[in-house]
Amino acid sequence: MTDTSLDRSAADTSAVDFIAIDGPAGSGKSSVSKAVARRLGFGYLDTGSAYRALAWHVLDRGADTADADAVLAAASDFPVRLGLDPDDRTVRVGDVDITDEIREPRVSGAVSGVARVPAVRAQVNDLFRSLVAEAPYPAVVVEGRDITTVVAPDAPVRILLTAAPEVRAARRAGELSGENADAVAAALHKRDASDSAVVDFLNAADGVEIVDSTELDFPQTIDAVLTVIERLRGAHRG
Ligand SMILES: Nc1ncnc2c1ncn2[C@@H]1O[C@H](COP(=O)(O)OP(=O)(O)OP(=O)(O)O)[C@@H](O)[C@H]1O
Ligand SMILES: Nc1ccn([C@@H]2O[C@H](COP(=O)(O)O)[C@@H](O)[C@H]2O)c(=O)n1
C-alpha cells in the first residue's frame, strides 16, 4: 500500500499512462476497472474511495457533510492511504482500516456533500495525479466521475462506462440482498442527481468513448473495455 497525504503537490509530468473511466453509480466502474487492470498488469485507482474516506472522516468527527466548513476542516487533517493494487482495496485514514465502513449506506448517503466542495476536489485530484505519476505500473486504470474531463483530460484512453438506470439499480440491489430494492434504487438515483450537478458523467465529453453495458454481461463488458483500450493505446503510440 502507498502511504499518502493530501498535501502532496501534483506531479508535472508522468510516464505512467492514465486509463480514465467515468460513469454513474452502479455502472460497473469498480468491478470492470479492477478486472481490466488485473488482466493487463496495470494499477487500479478507485477515486470514489477517497471521497468516501473523507465523508467517513467528517462523520467520525461528529460533523455533517452538508457543512462545507466542517468538510474543509476535516480535509485539512486527512491522512488517507490508498493503494493501486487491484487485488488490495484497503483504505485507511491514519492507521484505521475503513475499507468496509466506507461502503455502508450511511457513508454512501453522505459522500455527495464532500464531493461538492471545490477545494476538496482540487485536493484529492492532486493526490490522484501524484499517485499515478509515482506508480510502479506502465499504466493505471483510474475510475470515477471526472477523470476523463478534469483529472486526466489528455489521457490516451478515456471511457464513459454506462448502463440504463434500471439495470444499474437492479445490479446494485443484487449486491445488497438484505436491503429493499426500491430503497436501493432511490438512493442510487438520488446520489447520481446530486453528483451530476457538480460534474457531468452522464454525457461523454469530446473524444470520450462510450461503453454501454445495458445489454452486456460482466465478461462481455470487460472485453468491450479491453477492446477500446487496445485500440486507443495503439493509436496513441502511432
Ligand atoms: N455488465 C455487467 N453485467 C452484470 N453485472 C455487472 C456488469 N457490470 C457490473 N456488474 C455488477 O454491477 C454491480 C455494480 O458494479 P460496480 O460496483 O463495479 O459499479 P460502480 O460503477 O463502481 O458503482 P459505484 O459508483 O456506486 O461505486 C456489481 O455487482 C458488478 O459485479
Ligand atoms: N471522481 C470522482 C469519484 C467519486 N466522486 C464522489 O464520490 C462518491 C463515491 O464514488 P463511488 O465511485 O465509490 O460510488 C460519488 O457518489 C461522488 O460523490 C466524485 O465526485 N468524483
Side-chain angles (χ1 to χ4, degrees), residues 19-34 36 44-56 58-59 64-68 71 89 91 101-118 120-122 124-125 128 141-153 158-206 208-218 221 224-225:
I19 307 294
I21 302 187
D22 286 326
S27 60
K29 299 180 301 297
S30 323
S31 49
V32 172
S33 298
K34 206 172 7 166
V36 163
Y44 163 63
L45 178 57
D46 168 6
T47 62
S49 66
Y51 289 95
R52 287 174 180 271
L54 181 54
W56 174 89
V58 172
L59 298 176
D64 184 342
T65 60
D67 177 350
V71 170
R89 291 191 79 190
V91 178
E101 280 180 79
I102 61 171
R103 304 285 152 202
E104 289 174 0
R106 79 178 183 107
V107 173
S108 300
V111 68
S112 296
V114 308
R116 74 172 71 99
V117 179
V120 163
R121 303 197 71 84
V124 294
N125 288 347
F128 303 146
V141 183
V142 185
E143 55 95 353
R145 302 293 189 292
D146 60 348
I147 314 306
T148 62
T149 52
V150 177
V151 177
R158 294 184 301 148
I159 295 172
L160 182 71
L161 180 59
T162 191
E166 63 278 11
V167 170
R168 293 188 283 108
R171 288 175 183 165
R172 179 49 42 84
E175 287 179 307
L176 304 170
S177 50
E179 310 266 339
N180 174 282
D182 289 341
V184 170
L188 181 136
H189 297 315
K190 183 176 172 203
R191 188 152 61 94
D192 273 350
S194 180
D195 290 340
S196 60
V198 178
V199 284
D200 185 3
F201 49 82
L202 298 175
N203 304 290
D206 275 356
V208 174
E209 293 263 344
I210 297 175
V211 173
D212 185 338
S213 76
T214 304
E215 306 285 341
L216 304 179
D217 65 18
F218 188 60
T221 307
V225 168

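Worth saying up front: this structure is predicted, and the values here are computed from it rather than measured.
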Note to self: Using side chain to side chain contact (heavy atoms under 4.5 Å, CB included), reason through Tyr51 and Ser112 one step at a time and then give a plain yes or no.
What the structure shows: CA-CA 8 Å; Tyr51 289 95; Ser112 296; over 6 Å; no

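- The shortest side-chain heavy-atom distance between Arg121 and Val150 does not fall under the 4.5 Å cut-off.
- Looking at every heavy atom in both residues, Val117 comes nearest to Val71 through CG2-CG1, 4.0 Å.
- Residues Lys34 and Glu143 form no side-chain contact, since every pair of their non-hydrogen atoms from C-beta on lies 4.5 Å or further apart.
- Of the inter-residue distances, the one linking Ile210 atom CD1 with Asn203 atom CG reads 8.0 Å to the nearest 0.5 angstrom.
- Interatomic distance, Tyr44 OH to Ser30 OG, rounded to the nearest 0.5 Å: 4.0 Å.
- Closest heavy-atom contact between Asp192 and Pro24: OD2-CB, 3.5 Å.
- Between the CG atom of Asp22 and the CG atom of Leu160 there is a distance of 6.5 Å, given to the nearest 0.5 Å.
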Next item on the list: In sequence, state the C-alpha distance, the side-chain angles, and the governing distance for Val32 and Phe218, and then conclude on side chain to side chain contact (heavy atoms under 4.5 Å, CB included).
Entry: CA-CA 8 Å; Val32 172; Phe218 188 60; 3.7 Å; yes

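- By the 4.5 Å heavy-atom criterion applied to side chains, Thr148 and Pro153 are not counted as neighbours.
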Note to self: Evaluate Glu101 against Val107 for side chain to side chain contact (heavy atoms under 4.5 Å, CB included), listing each step before the verdict.
What the structure shows: CA-CA 8 Å; Glu101 280 180 79; Val107 173; 5.5 Å; no

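- Side-chain atoms of Arg158 do not come within 3.5 Å of backbone N or O of Ala20 as any donor-acceptor pair.
- Between Ile102 and Val91, the shortest heavy-atom distance links the atoms CD1-CG2, 4.0 Å.
- Two residues are said to be in side-chain contact when any heavy atoms from C-beta on lie closer than 4.5 Å; Arg171 and Ser27 fail this criterion.
- Inter-residue side-chain proximity for Val142 and Ile19 is flagged as unmet; no heavy-atom pair is nearer than 4.5 Å.
- Atom CD1 of Ile21 sits about 11.5 Å away from atom CG of Leu45, to the nearest 0.5 Å.
- To the nearest 0.5 angstrom, Thr149 atom OG1 is 12.0 Å from Asp206 atom CG.
- Closest of all the heavy-atom pairs between Ser33 and Val141 is CB-CG1, 3.6 Å.
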Next item on the list: Output, in order, the C-alpha distance, side-chain angles, deciding distance and verdict of side chain to side chain contact (heavy atoms under 4.5 Å, CB included) for Ile159 and Val208.
Entry: CA-CA 5 Å; Ile159 295 172; Val208 174; 5.6 Å; no

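- Between the side chain of Asp64 and the main chain of Asp67, no donor-acceptor pair closer than 3.5 Å is present.
- Judged by distance alone, the side chains of Ser108 and Arg52 do bring a donor and an acceptor atom under 3.5 Å apart.
- Remark: Arg116 CZ to Thr65 OG1 distance equals 7.0 Å, nearest 0.5 Å.
- Between Asp46 and Arg103 there is a salt bridge, since a side-chain N of the basic residue sits under 4.0 Å from a carboxylate O of the acidic one.
- Looking only at distances, a side-chain donor or acceptor of Arg168 sits under 3.5 Å from a matching main-chain atom of Ala163.
- Summarising the geometry of Ala25 relative to Arg191, their closest heavy-atom pair is CB-NH2, 3.7 Å, with the distance given to 0.1 Å.
- The nearest pair of heavy atoms linking Thr47 to Gly144 is OG1-CA, 3.3 Å.
- Remark: Asp200 does not engage Arg145 in a salt bridge, criterion side-chain N to carboxylate O under 4.0 Å.
- Without hydrogens or angle criteria, Thr162 side chain to Gly23 main chain gives no donor-acceptor distance under 3.5 Å.
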